[in-house]
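The structure appears below as structure tokens.
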Amino acid sequence: MQECNPTIHAVQAPSRDEQIGPRAVHALYLHVPFCFHKCHYCDFYSLVEPAGRPDRQEAFTDALIAELTHNVQIYRPKPTTLFVGGGTPTLLRVDLWRKLLDAMHAAGVMEQVTEFTVEANPETVTPELLGVLAGGGVNRVSMGAQSFNTDQLKTLERWHDPDTVPKAVAMLHDAGISNFNLDLIFAIPGQTLDALDHDLDRALSLSPTHLSCYSLIFEPNTPLTQKMKMGRISPVGEELERDMYAHVIKRLDAAGFEHYEVSNWARKGTGNRDQGSGLTHPPSAIAHPPSADPRYCQHNLAYWHNHNWLGLGPSAASHVEGKRWKNEAHLARYLAGSPTPPTTDHEELPQRQRIGEQIMLGLRLRQGLALDWVDEHIPPADPRRDTVEELIAIGMLERTATRLRLTHNGLFLADSVIAKLL
């Protein structure tokens with residue numbers, strides 16, 4: 001539980017008139033909201049794209065380019081990571097992808113990018129599209145497999161055939177994109193440990209460089225949650241969910257993957273570096289971007305290390321030097337407001353809550369927090385000191401020579417453990 005509620009100070013997204021000067025914007029996110037079907041567990045902003053509506057995609061792409069151009073004038077960003085998510089970015093027309101990629105290169109935001117990720121659904125991947133993406137600088141793809149079991153996919157209202165995943169992976173290799181992530185979901189209603197094991201077998205057979213394995217969350221106001229409330233489906237029990245997470249950890253470790261974040265694994269190799277030391281700067285300082293190891297998701301590390309990022313597109317969030325805001329999650333208002341769409345959720349956390357946020361993000365990483373950072377930012381009189389000792393005593397946290405981190409047992413209650421330190 002939180003010790004106190006954060007006091008939020010309303011702020012506005014910085015304008016050009018503020019004379020911001022060059023910012024160290026480490027990451028750039030673009031949100032493409034279109035989907036051909038809304039999955040029943042998803043709470044991200046997306047719109048079902050009906051057939052015969054190419055005007056909406058074109059208008060959106062033009063507005064996204066205009067927003068990009070406007071923000072380049074304000075921030076002059078030179079990001080090291082770039083991520084296009086959604087929605088289903090691979091549903092965007094190929095000609096519009098060419099237009100967007102050309103605009104990104106022309107704006108100069110690609111000059112220092114070492115990781116350029118695009119989210120993909122397997123049924124929307126084509127050789128032509130992947131050729132355009134690879135030619136435009138995309139070097140990583142995150143594919144939503146979720147499960148290889150047709151019954152589980154039906155529960156999630158995923159429409160792809162499991163056999164489309166290996167076909168899409170083969171297309172990735174043909175396009176020269178060998179660095180790819182597979183998303184898997186476990187604790188799906190009706191799923192067994194044997195079914196999960198089959199999913200892991202199928203995923204590992206494709207030799208991904210990265211795996212994201214998430215326990216299903218019943219998000220508010222989603223169709224899946226409504227089905228649960230009506231008694232049409234039942235969540236798996238807590239004990240089975242824990243057993244499933246433990247099984248994922250065991251299987252992926254045996255398969256040569258490093259568990260570097262609560263829900264993320266990277267294939268082990270000589271290039272792996274210690275990515276858990278990102279919290280060595282005070283919350284108000286501009287930290288250096290993570291080193292560019294292709295096995296880790298560098299873009300997500302920028303979030304977990306609380307670096308600066310810009311989000312473009314409807315619903316996209318931004319964080320620049322402690323100030324946060326989001327574009328409104330409404331396509332029509334996004335288009336009408338181009339190139340400065342309406343924003344919401346403006347906040348600037350006070351120092352105490354910013355330190356709590358750093359703790360939350362840092363403890364999600366398996367390397368945890370640097371002890372020198374903890375000593376500097378959690379003074380002896382802070383009640384969180386006592387909480388840390390209590391969590392160590394009950395085996396949820398451990399202190400090494402240089403780190404404070406979750407124990408193996410703490411992983412299974414990570415959200416509850418971290419909430420006590422916010």
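A donor-acceptor pair under 3.5 Å is formed between the side chain of Thr80 and the backbone N or O of His26. Looking at Thr387, its side chain does come within 3.5 Å of a backbone N or O of Pro383 through a donor-acceptor pair. Distance alone, capped at 3.5 Å, places no donor-acceptor pair between the His377 side chain and the Ile355 backbone. For Thr117 (side chain) and Val141 (main-chain N/O), no donor-acceptor pair under 3.5 Å exists by modelled atom type. With Thr407 contributing its side chain and Gly410 its backbone, the two residues share a donor-acceptor pair below 3.5 Å. Side chain of Thr400 to backbone of Thr402: a donor-acceptor contact under 3.5 angstrom is found. A donor-acceptor pair is defined here as one N or O able to donate and one able to accept, closer than 3.5 Å; no such pair exists between the side chain of Asp183 and the backbone of Gln146. With hydrogens and angles ignored, the 3.5 Å screen pairs a side-chain donor or acceptor of Asn181 with a backbone N or O of Ser212. One N or O on the side chain of Arg158 and one on the backbone of Gly144 form a donor-acceptor pair closer than 3.5 Å. Not a single donor-acceptor pair under 3.5 Å links the side chain of Thr209 to the backbone N or O of Asn179.
Counting only heavy atoms from C-beta outward, the side chains of Leu172 and Ser178 never approach each other to under 4.5 Å. At a threshold of 4.5 Å between non-hydrogen side-chain atoms, the residues Val165 and Phe148 count as touching. Looking at Pro77 and Val72, their side chains come closer than 4.5 Å, going by heavy atoms from C-beta outward. Residues Trp97 and Leu129 have side chains in contact (heavy-atom distance under 4.5 Å, counting atoms from C-beta outward). Between Met110 and Leu82, the closest side-chain pair of non-hydrogen atoms falls below 4.5 Å. Counting heavy atoms from C-beta on, the side chains of Ile359 and Leu422 never come closer than 4.5 Å. Using a 4.5 Å cut-off on side-chain heavy atoms (C-beta onward), Asp415 and Arg364 make contact. The shortest side-chain heavy-atom distance between Arg324 and Ser318 does not fall under the 4.5 Å cut-off.
Between Arg384 and Glu389, no side-chain nitrogen of the basic residue sits less than 4.0 Å from a carboxylate oxygen of the acidic one, so the salt-bridge criterion is not met. Ion pairing of Lys323 with Glu348 is absent here, as no side-chain N (NZ or NE/NH1/NH2) approaches a carboxylate O to less than 4.0 Å. A salt bridge is absent between Arg366 and Glu261: the closest approach of a Lys/Arg side-chain nitrogen to an acidic carboxylate oxygen does not fall below 4.0 angstrom. Between Lys268 and Glu258, none of the side-chain N atoms (NZ, or NE/NH1/NH2) sits under 4.0 Å from a carboxylate O, so this pair counts as no salt bridge. Electrostatic pairing of Arg385 and Asp375 counts as a salt bridge here, judged by a charged N lying under 4.0 Å from a carboxylate O.
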* Asked: Is there a side-chain contact (heavy atoms from CB on, under 4.5 Å) between Val109 and Leu28 once you walk through the steps?
  -> CA-CA 9 Å; Val109 298; Leu28 184 64; 4.3 Å; yes
* Asked: Can you check side-chain hydrogen bond (donor to acceptor under 3.5 Å, both in side chains) on His160 and Asn121, steps first, answer last?
  -> CA-CA 8 Å; His160 71 268; Asn121 281 349; over 6 Å; no
* To do: Take Trp373 and Leu404 through the side-chain contact (heavy atoms from CB on, under 4.5 Å) test and state the conclusion after the steps.
  => CA-CA 10 Å; Trp373 186 91; Leu404 178 68; over 6 Å; no
* Asked: Does the pair Tyr334 and His330 meet the rule for a side-chain contact (heavy atoms from CB on, under 4.5 Å), with working shown?
  -> CA-CA 6 Å; Tyr334 177 79; His330 193 286; over 6 Å; no
* **Full working for side-chain contact (heavy atoms from CB on, under 4.5 Å) between Asn306 and Trp304** => CA-CA 5 Å; Asn306 218 17; Trp304 294 320; over 6 Å; no
* Carefully, step by step, assess Asp372 and Arg403 under the rule salt bridge (charged side-chain N to carboxylate O under 4.0 Å, His left out). => CA-CA 8 Å; Asp372 57 359; Arg403 322 291 299 177; over 6 Å; no
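Counting only N and O atoms by type, the side chains of Glu115 and Tyr296 include no donor and acceptor under 3.5 Å apart. Between the side chains of Asn327 and Thr343, not a single donor N or O lies within less than 3.5 Å of an accepting N or O. In summary, the side chains of His259 and Asp253 do not present any donor paired with an acceptor at a separation below 3.5 Å, with no hydrogens or angles considered.
Exactly one of Gln367, His210, Arg295 qualifies for a side-chain hydrogen bond (donor to acceptor under 3.5 Å, both in side chains) with Tyr260. That residue is His210. Of the residues Trp265, Phe257, Tyr245, the one that meets the side chain to side chain contact (heavy atoms under 4.5 Å, CB included) test with Cys213 is Trp265.
Qualifying salt bridge (Lys or Arg N to Asp or Glu O under 4.0 Å) partners for Glu119, counting only residues two or more places apart in sequence or in other chains: none. In terms of the salt bridge (Lys or Arg N to Asp or Glu O under 4.0 Å) criterion, residue partners of Asp201 (sequence neighbours excluded) are, by chain and number, Arg251. Residues meeting the salt bridge (Lys or Arg N to Asp or Glu O under 4.0 Å) test with Glu398, sequence neighbours left out: Arg405. With sequence neighbours excluded, the residues satisfying ring-ring contact (aromatic ring centres under 6.0 Å, His included) with Phe83 are His299. Residues passing the side-chain contact (heavy atoms from CB on, under 4.5 Å) test with Gln191 are Gln152, Phe186, Ile188, Ala195, Leu196, Asp199, Met244, sequence neighbours excluded.
Aromatic ring centres of Tyr303 and His307 lie farther apart than the 6.0 Å criterion allows.
Nearest approach of Leu369 to Gly362, heavy atoms of both residues: CD2-CA, 3.8 Å. The two atoms that bring Pro208 and Ala203 nearest to each other are CD-O, 3.3 Å, heavy atoms only. Listed here is the closest heavy atom pair of Glu241 and Ala187: CG-CB, 3.9 Å. Smallest separation of non-hydrogen atoms from Val118 and Pro89: CG1-CB, 4.0 Å. When all heavy atoms are compared, the tightest approach of Glu357 to Leu349 is OE2-CD1, 3.9 Å.
Note on residues 59-68: pairs passing salt bridge (Lys or Arg N to Asp or Glu O under 4.0 Å), not counting sequence neighbours, are Asp62-Lys99.
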